[in-house]
Engineer: 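Here it is, the structure, as structure tokens.
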Amino acid sequence: MAFEQDNGAIVRRFMDLVWNCGELSAIDDLVDDDFTNFGVRRPGGHAAMRHIVTVWRTAFPDLHFEIQEEIVHDDKVVTRGLMRGTHLGEFQQGVGPGRIMGAMAPTGRSFEADQIHIWRVHGGKIVEHSASRNDLLLLNQLGLVSGTQPITESTWRRAVAPGSVPPG
């Protein structure tokens with residue numbers, strides 16, 4: 001059980017220090033340099049992770065990931081949570097939603113989108129990651145989805161009474 005708790009603590013520390021606080025130096029201690037991200041393993045994982053975090057935090061300087069639920073089993077850690085941020089810098093092409101949208105100029109708008117991440121931890125370091133992110137909601141809230149009106153948090157998180165039919 002201590003092994004599993006340690007793995008959860010490693011992921012929580014990574015999310016807090018690296019993603020929420022932007023402490024890129026913590027990557028060397030928490031991520032294996034042969035890190036596999038979305039099934040792709042390349043040497044120089046530390047540099048790649050620094051680049052990914054820098055791109056996101058440049059576009060969203062107040063970026064914050066709130067872990068709402070964590071499941072730890074053996075070497076796997078699953079986190080479900082909300083990522084929030086305000087689009088104040090250019091989002092570079094090739095990372096996150098920039099892989100399909102290209103570079104995105106700052107909109108000044110904020111987003112809140114749900115995400116699920118699956119991590120594998122070995123030897124005290126994160127060695128593998130995959131995720132399911134709601135990037136379409138993020139892009140919509142930033143006003144970057146043509147032909148739609150941006151949805152607000154209150155719109156997409158409206159509570160539905162048990163037994164009722166949701167609108168739409």
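In this chain, residues are counted from 1 in sequence order.
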Engineer: Determine whether Phe35 and Asn37 satisfy the following criterion, side-chain contact (heavy atoms from CB on, under 4.5 Å), listing intermediate values before the conclusion.
Structural biologist: CA-CA 6 Å; Phe35 175 72; Asn37 196 29; 3.5 Å; yes

Engineer: Looking at CH2 of Trp119 and CE of Met15, how far apart are the two atoms once the value is rounded to the nearest 0.5 Å?
Structural biologist: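 That separation rounds to 5.0 Å.
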
Engineer: With a 4.5 Å cut-off on side-chain heavy atoms, are Ile10 and Ile126 touching?
Structural biologist: yes

Engineer: Checking Leu63 against Arg84 for the side-chain contact (heavy atoms from CB on, under 4.5 Å) test, could you report, in this order, the C-alpha distance in whole Å, the side-chain angles of both residues, the deciding distance, and whether it holds?
Structural biologist: CA-CA 6 Å; Leu63 190 72; Arg84 297 179 178 94; over 6 Å; no

Engineer: So, does Gln141 use its side chain to make a donor-acceptor pair with the main chain of Glu112 at under 3.5 Å?
Structural biologist: yes

Engineer: With the threshold set at 4.0 Å, does a side-chain nitrogen-carboxylate oxygen contact exist between Lys76 and Asp74?
Structural biologist: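 No, no charged N to carboxylate O under 4.0 Å.
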
Engineer: Taking a hydrophobic cluster as the set of Ile, Leu, Val, Met, Phe, Trp and Tyr residues connected by side-chain heavy atoms closer than 4.5 Å, whether directly or through intermediates, do Val145 and Leu142 fall within one such cluster?
Structural biologist: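 Yes.
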
Engineer: If you group Ile, Leu, Val, Met, Phe, Trp and Tyr whenever their side-chain heavy atoms sit less than 4.5 Å apart, what else falls in with Ile116?
Structural biologist: Ile71, Val78, Ile118

Engineer: Indicate yes or no for a side-chain donor-acceptor contact from Thr86 to the backbone of Leu88 under 3.5 Å, with no hydrogens or angles considered.
Structural biologist: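 Answer holds: no.
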
Engineer: Do you know the tightest heavy-atom contact between Asn134 and Ala113?
Structural biologist: O-CB, 3.7 Å

Engineer: Within this structure, what is the CE-CZ distance for the pair Met83 and Phe65, rounded to the nearest 0.5 Å?
Structural biologist: 6.5 Å

Engineer: If I take atom NE2 from residue His129 and atom CZ from residue Phe14, how far apart are they, to the nearest 0.5 angstrom?
Structural biologist: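 It comes to 7.5 Å.
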
Engineer: Which value, rounded to the nearest 0.5 Å, describes the distance between Arg13 atom CZ and Asp29 atom CG?
Structural biologist: 6.5 Å

Engineer: Strictly distance-based, threshold 3.5 Å: is any side-chain N or O of Asp33 a donor or acceptor partner for the main-chain N or O of His46?
Structural biologist: yes

Engineer: When you look at Asp75 and Val121, which way does the side-chain contact (heavy atoms from CB on, under 4.5 Å) test go after all the steps?
Structural biologist: CA-CA 5 Å; Asp75 64 347; Val121 180; 5.5 Å; no

Engineer: Can you tell me how far apart CG (Asp32) and NZ (Lys125) are? Round to the nearest 0.5 Å.
Structural biologist: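 Interatomic distance, Asp32 CG to Lys125 NZ, rounded to 0.5 Å: 6.5 Å.
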
Engineer: Do Val11 and Asn7 touch side chain to side chain, with heavy atoms closer than 4.5 Å?
Structural biologist: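 No, every pair of side-chain atoms sits at 4.5 Å or beyond.
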
Engineer: To the nearest 0.5 Å, what is the distance between CG (Asp135) and CD (Gln115)?
Structural biologist: 7.0 Å

Engineer: Apply the test side-chain contact (heavy atoms from CB on, under 4.5 Å) to residues Glu66 and Asn20: give CA-CA distance (whole Å), side-chain angles for both, the deciding distance (0.1 Å), then the verdict.
Structural biologist: CA-CA 9 Å; Glu66 174 190 336; Asn20 292 343; over 6 Å; no

Engineer: Measure the shortest side-chain to side-chain distance between Cys21 and Asp16 over non-hydrogen atoms and say whether it is less than 4.5 angstrom.
Structural biologist: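 When only atoms from C-beta onward are counted, Asp16 and Cys21 do touch, with a gap below 4.5 Å.
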
Engineer: Between Arg12 and Ile67, is there a side-chain heavy-atom distance shorter than 4.5 Å?
Structural biologist: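 Answer yes - side chains close enough.
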
Engineer: Looking only at heavy atoms, what is the nearest atom pair of Glu90 and Pro106, with distance?
Structural biologist: N-CG, 3.8 Å

Engineer: Identify whether Leu139 and Ile52 are in the same connected component of the hydrophobic contact network (ILVMFWY, side-chain heavy atoms under 4.5 Å).
Structural biologist: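 Yes, Leu139 and Ile52 fall within the same hydrophobic cluster.
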
Engineer: Counting only heavy atoms from other residues, nucleotides and ligands, does the tally under 6.0 Å from CZ of Arg80 exceed 12?
Structural biologist: yes

Engineer: In terms of side-chain geometry, is the basic nitrogen of Asp28 or Arg50 positioned less than 4.0 Å from the acidic oxygen of its partner?
Structural biologist: yes

Engineer: Taking the side chain as everything from C-beta on, heavy atoms only, tell me whether Val55 gets closer than 4.5 Å to Phe91.
Structural biologist: yes

Engineer: Report the C-alpha separation of Phe60 and His87 in whole Å, then their side-chain angles, then the decisive distance to 0.1 Å, and conclude whether the ring-ring contact (aromatic ring centres under 6.0 Å, His included) test is met.
Structural biologist: CA-CA 5 Å; Phe60 307 97; His87 192 200; 5.1 Å; yes

Engineer: Locate the shortest heavy-atom distance separating Gly143 from Arg109; write the atom from each residue and the value.
Structural biologist: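 Reported closest heavy-atom pair: CA-NH1, 3.1 Å.
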
